[in-house]
Amino acid sequence: MGHVKASFSGEVAIVTGAASGIGLEIARELALAGARVHGFDLRPPGPGAPGVPESPVPPVFHQVDVRDSQAVEDLVVSVFQAEGRIDLLVNNAGRTRDRVLWKTSDEDWREVIDVNLTGAFHVLRAVAPRMRARKRGRIVQIASINGLRGRFGQANYSASKAGLIGLTRTAARELGPSGITVNAVAPGMVETPMTAGLSAEVRAKALAETATGRLGRPADVAAAVLFLLSEEAAHVTGQVLCVDGGQTALARRRSSRSSSPSGSSPWSRSA
């Protein structure tokens, strides 16, 4: 996939969960488009992670736990003081602990909610006043199609992503008057280190759901994110953009079949 033709020259971006997978790809693409990128993660990218040699200013990585509200606030203040501005935020940090709900421990629940939802809130809350002061900002939160439809074995993850969508829409209402847009991208299954350990059965089922005949790539998600961060999306806010190769389209088609007045409906049979 080619690089998105957007310029973020002179703009300052924060990307959470930026050390691998989707977050690293977003950080790389923003840097290639001219942004000064600050990546937040528990650890820096591994030695095998792709760099951005073509970038005028490679991303700078900071180790932080987004569950720690004070650490997040301190780091955002440090970035703002060093750069004088924060223009873009991508809340991507996330994790899974998949269990059916009756086997989900308190720790499993808290771990996923605290990172995926509360962590995003911490960063959003810390960044918002700096954007409001400048009357401009672009925020994208990485949700999931499983926050829209639910998923067997992912009560904690689906709840966290559904909550993130609610947070996105509320923040869009609250920050819109200050010239700030807030949107979400909801990927389907994407080839990342997080999904690499899934069983062949789970991966095959996700592939069968697609209309495109392939699973997503981090670059697919990054392209959608960069669009929503760009000026071309200046009048788009409070929206959820699915990047799923048609997985949710299949779910909608199944739903419409079950609710349509066909021969399978007892009401149509009695008519």
Side-chain angles (χ1 to χ4, degrees), residues 4 6-45 49 52 55-95 115-143 164 167-168 171-172 175 178-185 218 221-222 224-231 233 237:
V4 176
S7 174
F8 297 95
S9 181
E11 298 193 47
V12 175
I14 291 174
V15 180
T16 72
S20 65
I22 292 170
L24 179 59
E25 185 68 19
I26 292 168
R28 293 177 71 249
E29 289 293 342
L30 280 170
L32 287 167
R36 299 194 299 277
V37 181
H38 293 264
F40 290 11
D41 212 311
L42 278 173
R43 57 192 62 84
V52 281
S55 170
V57 184
V60 177
F61 289 92
H62 308 267
Q63 290 184 248
V64 66
D65 187 339
V66 295
R67 295 171 295 183
D68 185 335
S69 61
Q70 190 58 58
V72 166
E73 176 67 25
D74 292 345
L75 183 52
V76 168
V77 168
S78 176
V79 170
F80 184 76
Q81 289 177 341
E83 298 283 5
R85 58 193 292 173
I86 296 173
D87 303 279
L88 314 169
L89 168 63
V90 181
N91 263 324
N92 169 73
R95 65 182 51 182
V115 173
N116 299 5
L117 180 56
T118 307
F121 165 71
H122 289 159
V123 184
L124 179 58
R125 181 178 61 183
V127 166
R130 281 85 196 177
M131 290 184 174
R132 290 184 70 234
R134 298 188 67 245
K135 297 293 184 183
R136 186 188 179 280
R138 300 281 181 267
I139 298 167
V140 176
Q141 314 215 79
I142 306 302
L164 192 63
L167 176 62
T168 295
L175 297 175
S178 297
I180 301 164
T181 64
V182 189
N183 292 287
V185 168
V221 182
V225 170
L226 262 66
F227 164 67
L228 290 172
L229 293 174
S230 73
E231 282 306 301
T237 195

Review point. Does some side-chain heavy atom of Leu175 sit less than 4.5 Å from a side-chain heavy atom of Met131?
Key: no
Check your understanding: Side chain of Asp87, backbone of Arg138: donor and acceptor closer than 3.5 Å?
Key -> no
Review point. Just wondering, do Val66 and Asn91 contact through their side chains at under 4.5 Å, heavy atoms?
Key: no
Point to revise | Over all atoms of both residues, closest heavy-atom pair of Leu229 and Leu88 | key: O-CD2, 4.0 Å
**Study point:** Distance in Å, Phe8 CZ paired with Glu29 CD, rounded so as to fall on 0.5 Å steps
**Key:** 10.5 Å
Practice item. Could you check if a side-chain atom of Arg67 sits within less than 4.5 angstrom of a side-chain atom of Thr118, using non-hydrogen atoms only? Key: no
Point to revise | Whether Phe40 and His62 hold their rings parallel, tilted or perpendicular, with breakpoints at 30° and 60° | key: perpendicular
Review point. Nearest heavy-atom pair of Ala18 and Gly39: which atoms, and what distance?
Key: CB-CA, 3.7 Å
Exercise for review: Using the side chain to side chain contact (heavy atoms under 4.5 Å, CB included) rule, take Leu167 and Phe121 through it: C-alpha gap first, then chi angles, then the decisive distance, then the call.
Suggested key: CA-CA 8 Å; Leu167 176 62; Phe121 165 71; 4.2 Å; yes
Point to revise | Atom of Leu228, atom of Val140 and distance for their closest heavy-atom approach | key: CB-CG2, 3.7 Å
Exercise for review: State, to 0.1 Å, how close Gly21 and Pro218 come at their nearest heavy-atom pair, and which atoms those are.
Suggested key: O-CB, 4.1 Å
Revision key, fill the gap. Rounded to the nearest 0.5 Å, the CD1 atom of Ile139 sits from the OG1 atom of Thr237 at a distance of 8.5 Å
Check your understanding: Which heavy atom of Ser230 sits nearest a heavy atom of Ala6, and at what distance?
Key -> CB-CB, 4.4 Å
Point to revise | Note, Thr181 side chain near Asn183 side chain (heavy atom, < 4.5 Å) | key: yes
Review point. Do Val225 and Asn92 have side-chain heavy atoms sitting under 4.5 Å apart?
Key: no
Check your understanding: Quick one: CD1 on Ile180 to CZ on Arg130, what's the gap to the nearest 0.5 Å?
Key -> 12.0 Å
Check your understanding: Is there side-chain contact between Asn116 and Leu164, with heavy atoms separated by less than 4.5 Å?
Key -> no
Practice item. Have a look at Val15 and tell me which of Ile22, Leu30, Leu24, Asp41 forms a side-chain contact (heavy atoms from CB on, under 4.5 Å) with it. Key: Leu30
Revision key, fill the gap. On a heavy-atom basis, the closest approach of His38 and Val12 is CD2-CG1, 4.0 Å
**Study point:** Sole candidate of Arg134, Arg136, Arg36, Arg85 that passes salt bridge (Lys or Arg N to Asp or Glu O under 4.0 Å) when paired with Glu11
**Key:** Arg136
**Study point:** Note, Phe227 side chain near Val185 side chain (heavy atom, < 4.5 Å)
**Key:** no
Review point. Say you draw a straight line from OG1 of Thr16 to CD1 of Ile26; how long is it, rounded to the nearest 0.5 Å?
Key: 9.0 Å
Exercise for review: Rounded to the nearest 0.5 Å, what's the gap from CZ on Arg28 to CG on Leu32? Could you check?
Suggested key: 6.0 Å
Practice item. Compare all side-chain heavy atoms of Arg95 with those of Leu42 and state whether any distance is below 4.5 angstrom. Key: yes
